[in-house]
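Every chain is numbered from 1 and lettered A, B, ... according to where its sequence line falls, protein lines coming before strand lines.
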Amino acid sequence: MIEYAEIGITTNFSFLRGGSHPQDYVHQASELHLSAIGIADHNTLAGIVRAYSELENPEVRHRAKLLIGARIVFIDGTPDILVYPRDRAAYGRLCQLLTRGKIGDDTEKGECLLKFSDLLEFAEGQLLVLALPHRFDAAAAADILERLKQSGADGVWLAASLLYRGDDRRRLSQLHRLALAAKVPLIATNEVLYHHPERRPLQDVLTCIREKTTIEAVGTRLQANAERHLKPAAEMARLFRDFSDAIAETMRFANRINFSMDQLKYQYPDEPVPPGKTAQQHLEDLTWAGVDECFPQGISDTLRATLRKELDLIAELKYAHYFLTVNDIVHYARSQDILCQGRGSAANSAVCYVLGVTSVDPTKVDLLFERFISKERLEPPDIDVDFEHSRREEVMQYVYRRYGRHRAAIIATVIHYRPRSAIRDVGKALGLTEDVTAALADTVWGSWGDGLSEMQVKQAGFDPQNAMVVRAVDLATELITFPRHLSQHVGGYVLTQDRLDTYVPIGNAAMEDRTFIEWDKDDVDALHMMKVDVLALGMLTCIRKCFDLIDQHKGERWKLETVPQDDAQVYDMLCRGESLGVFQVESRAQMNMLPRLKPRTFYDLVIEVAIVRPGPIQGDMVHPYLRRRNGVEKEKYPSPSPQHGPPDELHKVLHKTLGVPLFQEQAMRIAIEAAKFSAEEANGLRRSMATFRNLGTIGKFEDKMIGNMIARGYDPAFAKSCFDQIKGFGSYGFPESHAASFAQLVYISSWLKHYHPDAFCCGLLNSQPMGFYAPAQIVGDARKNGVEVREVDVSFSFAQNTLEQGDGKYCAVRLGFRQIDGFSWKDQDEERLKTIQSSFRNAPSTSSFRGGPEGRARNPYPPAVVMDSGPAPYGASRNDDAEEVLVPRNDNDVQLDDWAERIIAARNRRPFTSLEDFARDTALPKRALILLADADAFRSLGLDRREALWAVRRLPDDVPLPLFEAAVAREQPDEHAKPLPLMPLPEQVVADYQTIRLSLKGHPMQFLRAMFARERVVPCRDICHRNERLSVRCAGVVLVRQRPGSAKGVVFMTLEDESGIANIVVWPKVMEKYRKEVMGARLILVEGYIQSSPEEVTHLVAQRLIDRSHDLIGLADDALRKQTAPTGPALIEELNDDRRDHPENPAQKIRHPRNVRLLPKSRDFH
Amino acid sequence: MKQDRDEDNNGTPSVVVAKEHNALLIYSLDDAAARYGLTVGQPLANARAICPHLEVLDADPAADAKTLNDIADWCDRFTPLVALDCPHGLYLDITGCAHLFGGEAAILRHLCDALTAQGFGVSAAIASTPICARTMNRHVHGMIVADGEEADAVSPLPVFTLGADEAISGGLRRAGLKTIGDVASRARHEITARFGAAFTARLEQALGEGDAPISPRKPLPDYIVEQRFAEPVSTEGVIAATLSRLAVTLVASMEKQGKGARRLEASFFRTDGVVRTLVVDTGQAVTRGSVIDRLFRERLDSLSDPLDPGFGFDLIRLSASRTEIVVQQQRGLDSHVHDNDDLAALIDRIAARIGGKRVIVHLPQDTHIPERAALAAPAQHHLAAATVAEWPERAQGEPPLRPLRLFEKPEPIKVPLAMVPDGPPHQFTWRRALHAVVRVEGPERIAKEWWRQDGKTLTRDYFRIEDAEGLRFWIFRDGLYESELKDEEGRPVPANWFVHGLFA
């Protein structure tokens, strides 16, 4: 039996070069019984962990020895060299070599610039294989081989390949002569680009994408044939029959390598542990100290026992370092008054509560800690920490300062081809026009994972039989899940005790001063490395702003953990569905759910957060749960046949949710308890669930889980729905542990909304863009709750919205200049951040990777930049040497002109008395004056919008006009001119919407009311429970259009008029007929009947829709006729708005209402 | 005068889109699309959501500009003073021309009818100042504003019809001055102080209070020379001599503008009204009379259907219908510049005789497929490309990979035996002669182009072969044994072998 090791494999992590996943090669090698495979991607190690993890897959029956290497591609013309480290130390050097190529000062993200001399420097212990191009210069190659031999490398080889090029044999004998002369062995490889010859078309398409050309034009840049696949040993031996030693050499090569990924022994950094203590001791000390602080009255025995149990588990699994690291970061944030909240499997433990990592009281939520830290899977626990999104960067910079850049880096996110991008790129490569690919791409909304279906092709208006379109769709389907490039994760850090760049190559990120490693979170997990998630959450910013406002104006200082819990009035409000602006439960679907679910306790909120998600909806778990909760249906627990197990085996898992699985953990538990999955299988299921869209391996689990459950006597329907739910989780799975943390913020924001609607409104406006609603709705809601809102005015407003002494129960909200579109103002948080970043940039010792990091002074808390407003840094032991407190560097930054600041400064010197004073004292540019006048901000000076604008326009320009242009005219007084016509109210309202996106003067609909009343159109307010079944006509401005993926084509619209909002349901049949109206109208008249549930969730079911936008336009004469600027790509709003949880998610930026003109545009799907 | 392209075709809403800020936006649309409520500037994705069966065309501003120019050319028949008002308007100064067409109303109707018949949407107005006419035109179609009534005519129109910046139009609207009349009612200095003198000037022109001339397009020079004969001519000698003379004059007039001719037309007008036109294309711009003369002589000689003078020609016209700028080059310093001149002249002469399509050069094509590696192209148009084309280089000291010339079609050969899977034959029969293979190199494996529609072509294994007599062949086996040469049941089928060319 001939043995062969393929050492020249290129995977698709050599982006747009390799045509197969690393995993594919592992499977194919198993099929072919290859002895070893060597993965050598172009200047990267990004794909190796995937291959390594795949060896665990039980389907891989024959495990090839996995050789880890890289193909070094040089910028100085040196031919490619494959580098395989012999041992762990050499592997570290390979990582450092790649890091050097990726992290140079001028190196762009994704580049790796290396010279031959760089390789020589890190050659010690490496196995080097020179891979010459088809035509080569023998003398130069001999020289390179000679230098490689002298480099301290463990060995040098010359690669030979037979690729059916016509002159293969002649070339091979040339190589042979070269090898003989250089005294290096010849080694066979097939320079593999894909695992199976069938991948040739896809690889050709990748080449086209890479070369930015089409398949018709790409020509000889393609491979001439399909030979570069993984070949069996016998075939390789046949090809190399005249040089059989080159085949034997592959095995000698493979056997020489001692390195495997198992040897990457990870060490926790021990920063947070004081000398002389073990991590576990320190954690226990902190825990008990925390207990004393949290519970001055002492704690119950149960809590003590829980803490003890948790600490024991942590000790057993050696996770103390992890908890200490998270604790350290959280404490830093606290010390800077940055709000934060932990979530994740381990975050809701009693230990985390007493440490202050989370404010969810463990006694409230009965979360079983050990359920989430499974002993079987030796993976670190998962604690994500959310920080105020505007101040998260400060925390990130702290992490860098604390651990140094050589030991801390952000993990990568592998950006995969999605259906949309796949069809775009493939279409372009196949020469389809942009219009065709755009149409195909537009059909894929809402579809996850699977390729384009025939229906989607038809929907785009193409014949599914059209060969070119079919080919494009087939190839795109194959391309989906291919990695496209690496990007940095939103906030996941990996921290190491010794140099990180000996574990994994580190590269520059697109963002300045950011570096990230080549592996993503799954890779990091697979290697048991510690990862800390430093995430950003907009709502925390908002809550902090609210707390500050309450402190300033009402003299009460609240904290996340001090807000009174279990307030009945807060729950009453939520039960009424009044959740506008509240974290997580403000979407329309959530608002509908609230009155049905009627949350009364904290745990109800946990369920509320988790239930309106694709998982429970697709698994059809929502209605059974609601029926049981409302007592319509009896709680019952599916059970196996008696011979298979105890009848209550699922009771333990499901009793908290009344027998209906709602959370991700429960679905997993069912797999273990009911389908008797082994821990390993469950782990596989969990992984395929997390990467469901990537790998599509879920199918085999489906058969197994459902089969097992039915075999054990479960109801097949129940088994099926459990699995559907798992599928629904996809990668937006929502675990109970996360829901609990979010529920805490739901409660706190609801509490703020109920008791401090003034501060809540103000804080929410100041945190925009965020959430689901536009400023107009936020302000409208606050006014409905009795808060007075005052207009923007140069004499009273600040940049931010502020609170003023109010007449009634609450303070009044004064709108700030930030509400004016285009007005220039500075955000305090951003300013603070800039200061910190620039100071960080000046710190020299942290950014160098070449310097030796060992022996740095260990300082528990390196100093932060002291902000004038902030308190002293946490643990302020500022006696150290390396980093000074730096003066903020501003010289290079483009100074944003802060108009607001100028107004306030001038106002403080002396109050404004006239427009001319104002212009002179503030010296604002004319553009600013026009914006202010247009926003009607001069009322305190006795000028309304129109007068102010007319006056402002007459003021001299900042840039002098051409000589005589206007000067002469200005000389002449126009005091005697006749007054301008008065601006009618409807026009004022429209102008308000155009300038500040809301109006305090009225709602556009109120001016049309008389006309609509004549047409017997009822106000939105009348779409209510008591009018159930009534057929009515209702009209309003379209706020939102949604077609949730889970609602089978039903479209939901939200209309608004002066009386409130109305929810419209458009069934697909009606939609078909009135598509134009549904999609196009800004003001729409709906005829239909009212449908209301017993919980008073009311809809108007549309039967006929009429576009009345022209009435809206007529309202302000022609003021609205002007086209508004395009608002970017199509707006898509899924029912689940999980993606909003991550404010860095680019999708959020695109579709946020701030980008959408409220009046003319709604938030839409397409 | 204003024209719009009308994309209306059989009721399917269609739009023209252009890319802006990385999004496809509607650039213009037809009535059917407008009825759907679509608007210019709307993202295509949004438009598709409203109207999924939308027909979408790509904007081509260059073609639009050309069309506008063409229409302007056409309008030359009404007045020589035609000015462009881009992107889709034209000004015609019809002062003193109207009576030729039966008055202003008649000219307006005539012009609009003709353009409408050509498929354009037209909106037009006549006034004493261009701005006034344009302002009217933006609101209504077909108005004729009498002298002195400009102010009355434009006063009720909304301000946007003045076509000022949106900042100005918006500012006026916000001030409550919504019609031109509202604006005109304010003191001029009030307006100038706020919106600038340029705007006031425009306003005054619209009101007929001031005027600014239009800047008409300059007509392109035509190169036409002709000779009329008092007595009709019919002898070949006279015709040839006339052409020679005309050629000299034509070249002289082109030379003044530094032009050379790429297409020449000779028209022969018979006394009975029949016109015969001969067209000659050239590979490079012709600047010499003798060349023109020779080209037409070749052409006349080779006519299969000779010129029939009938009762004689009374007019012979020679024109250069396509010209290009020629850079006068100095001979001598760079002696290679004109290397191709003689060749090009030869090609032109042969082309004039046997037809341009029959004189070809080969251009290299970037493909693995041998048959397509060279493209035959008309020599007159591709000579320059062919002289600089880069053909794949042969590795030094190695035999050529492919023959210089391939057979028109590969010729089948009989191969009794070849080694599976990729071995060459030991002998083969070609054109009934048996060839014993003594030397072989290969295979060079060339896979089919999977993206082509036919799907019948197979992967080929090419071999370079030398037989016992020293003849060298390029042969291939069509199809791979393991995967392609199988019938439906998976049984192997025999391979077909071909010879595709001979090495020199």
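In this structure, the separation between CG on B/Asp366 and CZ on A/Arg221 is 6.0 Å, given to the nearest 0.5 Å. Distance CG/A/Leu222 to OG1/B/Thr367: 8.5 Å, rounded to 0.5 Å. Between the OH atom in B/Tyr36 and the CD atom in A/Glu1077 there is a gap of 9.5 Å [rounded to 0.5 Å]. Separation of atoms CG (B/Leu172) and CZ (A/Arg953) is listed at 7.5 Å; rounding is to 0.5 Å. Rounded to the nearest 0.5 Å, atoms OG1 (B/Thr459) and OH (A/Tyr164) are 11.5 Å apart.
Using modelled atom types, one side-chain atom of B/Arg194 and one backbone atom of A/Trp950 make a donor-acceptor pair closer than 3.5 Å.
For A/Asp137, the side chain to side chain contact (heavy atoms under 4.5 Å, CB included) partners at least two apart in sequence or on another chain are A/Ala139, A/Ala140. Listed by chain and number, the residues in a side-chain hydrogen bond (donor to acceptor under 3.5 Å, both in side chains) with A/Arg946 are A/Glu987 (sequence neighbours excluded).
With a 4.5 angstrom heavy-atom cutoff, A/Val218 touches chain B only via backbone atoms. Neither the backbone nor the side chain of A/Leu163 comes within contact range of chain B; no heavy atom of the residue lies under 4.5 Å from a heavy atom of that chain. Using a 4.5 Å cut-off between heavy atoms, A/Leu162 makes no contact with chain B at all. Using a 4.5 Å cut-off between heavy atoms, B/Ala187 does not touch chain A at all. The part of B/Ile191 that comes within reach of chain A is its side chain, from C-beta onward, which places non-hydrogen atoms under 4.5 angstrom from that chain. Within the 4.5 angstrom heavy-atom criterion, no atom of B/Ala373 approaches chain A. At a 4.5 Å heavy-atom cutoff, the contact between A/Arg170 and chain B is made by backbone and side-chain atoms alike. Proximity to chain B is limited to the side chain of A/Leu949, based on heavy atoms less than 4.5 angstrom apart. Contacts of B/Glu398 with chain A are made by side-chain atoms alone, with heavy-atom separations under 4.5 Å and no backbone atom involved. The part of A/Gln223 that comes within reach of chain B is its backbone (N, CA, C, O), which places non-hydrogen atoms under 4.5 angstrom from that chain. Of the atoms belonging to A/Arg135, it is side-chain heavy atoms, and not backbone ones, that fall under 4.5 Å from chain B.
The candidate with the highest count of non-hydrogen atom pairs below 4.5 Å against chain A, out of B/Gly170, B/Ser185, B/Ser483, is B/Ser185. Among the candidates B/Arg445, B/Glu444, B/Glu441, the residue making the largest number of heavy-atom pairs closer than 4.5 Å to chain A is B/Arg445. With chain A as the partner, the residue from B/Thr200, B/Val56, B/Ile446 showing the most heavy-atom pairs under 4.5 Å is B/Val56.
For the residue pair B/Arg464 and A/Gly166, the shortest heavy atom distance occurs at NH2-O, 3.8 Å. Summarising the geometry of A/Ala226 relative to B/Ala447, their closest heavy-atom pair is N-CB, 4.5 Å, with the distance given to 0.1 Å. Considering all non-hydrogen atoms of both residues, B/Arg174 and A/Thr995 come closest at NH2-CG2, 3.9 Å. Counting all heavy atoms, side chain and backbone alike, B/Trp450 lies closest to A/Arg200 at CD1-NH1, 3.6 Å. Closest of all the heavy-atom pairs between B/Trp451 and A/Arg471 is O-NH1, 2.8 Å. B/Gly176 and A/Pro981 make their closest contact through O-CG, 3.6 Å (heavy atoms, listed as atom of the first residue, atom of the second, distance).
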- Task: List the steps and the verdict of salt bridge (charged side-chain N to carboxylate O under 4.0 Å, His left out) for A/Arg238 and B/Asp422.
- Result: CA-CA 11 Å; A/Arg238 188 187 69 79; B/Asp422 56 9; 3.1 Å; yes

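The neighbour count for B/Arg402 CZ, taken as heavy atoms of other residues, nucleotides or ligands under 6.0 Å away, is above 12. Atom CD of A/Glu198 is surrounded by 12 or fewer heavy atoms from other residues, nucleotides or ligands within 6.0 Å. Other residues, nucleotides and ligands contribute over 12 non-hydrogen atoms within 6.0 Å of the CG atom of B/Leu363.
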